[in-house]
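Okay, structure first, notes after.
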Amino acid sequence: MNALLLLLTLTTSTLVLRSGDRIAVEGTLRHAEGVYTFRSGGLLYSLPASEVLRVEEVQPVAADKPKRKLRVSEEERKRLLEELEKNHAGTPPPPPQEFVPEPQPKAIEPVGEEAEWRARARGHEENIRRAKEELELLETRIEELRSQIHSFVSLGYQPRQFTYQTTQLAYAMERLPYAKLEITRAERAWAEFKEDARRAGVMPGWLR
């Protein structure tokens, strides 16, 4: 009973930061001396309260209540029993309805060899563009975190009071070489593809 009461009263918090980030908090959210302390993803973080826009409390849904048995009148009960006896006596069930699948539209296939080469070329170009955009987003995130950390230091906060930003910065810095590597791989695949097209005698205009 106590465990059930604890489950029903337990709440999950979400920190909404001024930067737009949302942090799911596990367990109790503590606020003392202008600093929030919490756990997220199994790690302990601290964050200045000035960076928190609001705290959203989410009450978990309690376990479903046991379903009540449907009460049936005596007349309805007799009727169901009679139908059941008739069925046992050999009354065949109604024939199942035949399922007729709807015709599926035919996939539009590229017409000719030119369309195939052009589609593959655009795929390589899109991979390069996506890799560069992801690198730009990561570099922007790193600059934002560095700026936040610099502001906290200027305001006199101790490093233990903004561990969330320092941890996120470390994660972003670790991902930076891999993001650059993805661009190198995408560009190498594009160069190899163009070389294969040249050897196959593909016209340059087909790759645009």
Side-chain angles (χ1 to χ4, degrees), residues 12-26 36 38-48 51-54 56 58 99-154 157 159-208:
T12 301
S13 305
T14 299
L15 290 177
V16 182
L17 307 187
R18 297 187 182 276
S19 61
D21 294 338
R22 301 174 66 89
I23 307 174
V25 178
E26 301 170 355
Y36 282 105
F38 56 93
R39 286 189 177 274
S40 180
L43 299 177
L44 181 64
Y45 295 109
S46 55
L47 183 68
E51 288 299 304
V52 179
L53 181 62
R54 64 179 181 274
E56 297 179 352
V58 180
F99 174 73
V100 180
E102 297 182 358
Q104 298 293 331
K106 294 183 178 180
I108 301 177
E109 299 179 356
V111 180
E113 192 176 357
E114 179 181 352
E116 179 181 354
W117 281 98
R118 182 173 289 111
R120 292 173 61 187
R122 289 177 178 175
H124 283 285
E125 292 176 342
E126 178 61 25
N127 290 338
I128 295 175
R129 188 181 303 110
R130 186 186 305 112
K132 290 182 177 180
E133 289 175 352
E134 290 178 355
L135 176 61
E136 291 177 359
L137 290 174
L138 185 59
E139 290 176 341
T140 301
R141 177 62 172 168
I142 290 174
E143 291 302 319
E144 290 177 351
L145 290 169
R146 285 176 172 171
S147 177
Q148 291 177 10
I149 293 173
H150 179 73
S151 299
F152 295 150
V153 173
S154 300
Y157 285 99
R160 59 180 176 80
Q161 294 178 309
F162 50 88
T163 59
Y164 176 76
Q165 279 79 7
T166 54
T167 303
Q168 293 299 309
L169 178 60
Y171 287 159
M173 293 297 295
E174 289 178 357
R175 291 167 49 195
L176 192 59
Y178 297 99
K180 295 179 179 179
L181 181 60
E182 286 300 319
I183 297 178
T184 302
R185 289 174 175 173
E187 292 177 341
R188 182 170 61 244
W190 171 232
E192 292 175 353
F193 172 76
K194 290 192 294 184
E195 179 63 21
D196 292 340
R198 186 189 65 80
R199 293 177 180 176
V202 175
M203 299 179 60
W206 289 14
L207 305 182
R208 300 192 181 97

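Residue numbers count from 1 along this sequence.
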Partner residues of [X] under the side chain to side chain donor-acceptor pair (under 3.5 Å) criterion, sequence neighbours left out:
X    : result
Q148 : Q165
S40  : none
R199 : E195

Query raised in the report: Looking at F162 and P48, what are the two nearest heavy atoms and their distance?
Result: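 For F162 and P48, the tightest heavy-atom pair comes out as CB-CD, 3.9 Å.
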
Please set out all donor-acceptor pairs under 3.5 angstrom arising from side-chain atoms of residues 122-129, sequence neighbours excluded.
unit_1, atom_1, unit_2, atom_2, d
E126, OE1, R129, NH1, 2.5
N127, OD1, R130, NH1, 3.1
N127, ND2, G123, O, 3.3

List, one per line, each side-chain donor-acceptor pair under 3.5 Å for residues 17-26, sequence neighbours excluded.
unit_1, atom_1, unit_2, atom_2, d
R18, NE, S50, O, 2.7
S19, OG, D21, OD2, 3.4
D21, OD2, R141, NH1, 2.9
D21, OD2, R141, NH2, 3.0
R22, NH2, E56, OE1, 2.6
E26, OE1, G42, N, 3.3
E26, OE2, G41, N, 3.0

Could you go through residues 131-140 and list every donor-acceptor pair under 3.5 Å that involves a side-chain atom there, pairing it with any protein atom two or more places apart or in another chain?
unit_1, atom_1, unit_2, atom_2, d
T140, OG1, E136, O, 2.8

Query - Pairs involving residues 160-181, ordered by first then second residue, that meet salt bridge (Lys or Arg N to Asp or Glu O under 4.0 Å) (sequence neighbours left out) - result: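 Matches after skipping sequence neighbours: none remain.
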
Query - side-chain contact (heavy atoms from CB on, under 4.5 Å) involving R146 - partner list, sequence neighbours excluded - result: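 Applying side-chain contact (heavy atoms from CB on, under 4.5 Å) to R146 gives I142, E143, L169, M173.
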
**Report entry** Non-neighbouring partners of A200 that pass side-chain contact (heavy atoms from CB on, under 4.5 Å), sequence neighbours left out
**Finding:**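 If we apply the side-chain contact (heavy atoms from CB on, under 4.5 Å) test to A200, skipping adjacent residues, the hits are W117, V202.
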
Report task. Please list, chain by chain and in numerical order, all residues satisfying ring-ring contact (aromatic ring centres under 6.0 Å, His included) with Y45, sequence neighbours excluded. Result ->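 ring-ring contact (aromatic ring centres under 6.0 Å, His included) check on Y45 returns F38, Y164.
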
Query raised in the report: Y157: what forms a ring-ring contact (aromatic ring centres under 6.0 Å, His included) with it, not counting sequence neighbours?
Result: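 Partners of Y157 under the ring-ring contact (aromatic ring centres under 6.0 Å, His included) test: F152.
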
Report task. Can you measure from OG1 (T163) to CG (L47) and round to the nearest 0.5 angstrom? Result ->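 One gets 8.0 Å once the value is rounded to the nearest 0.5 Å.
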
Report task. Apply salt bridge (Lys or Arg N to Asp or Glu O under 4.0 Å) to R185 and list each qualifying residue two or more places apart in sequence or on a separate chain. Result ->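 E182.
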
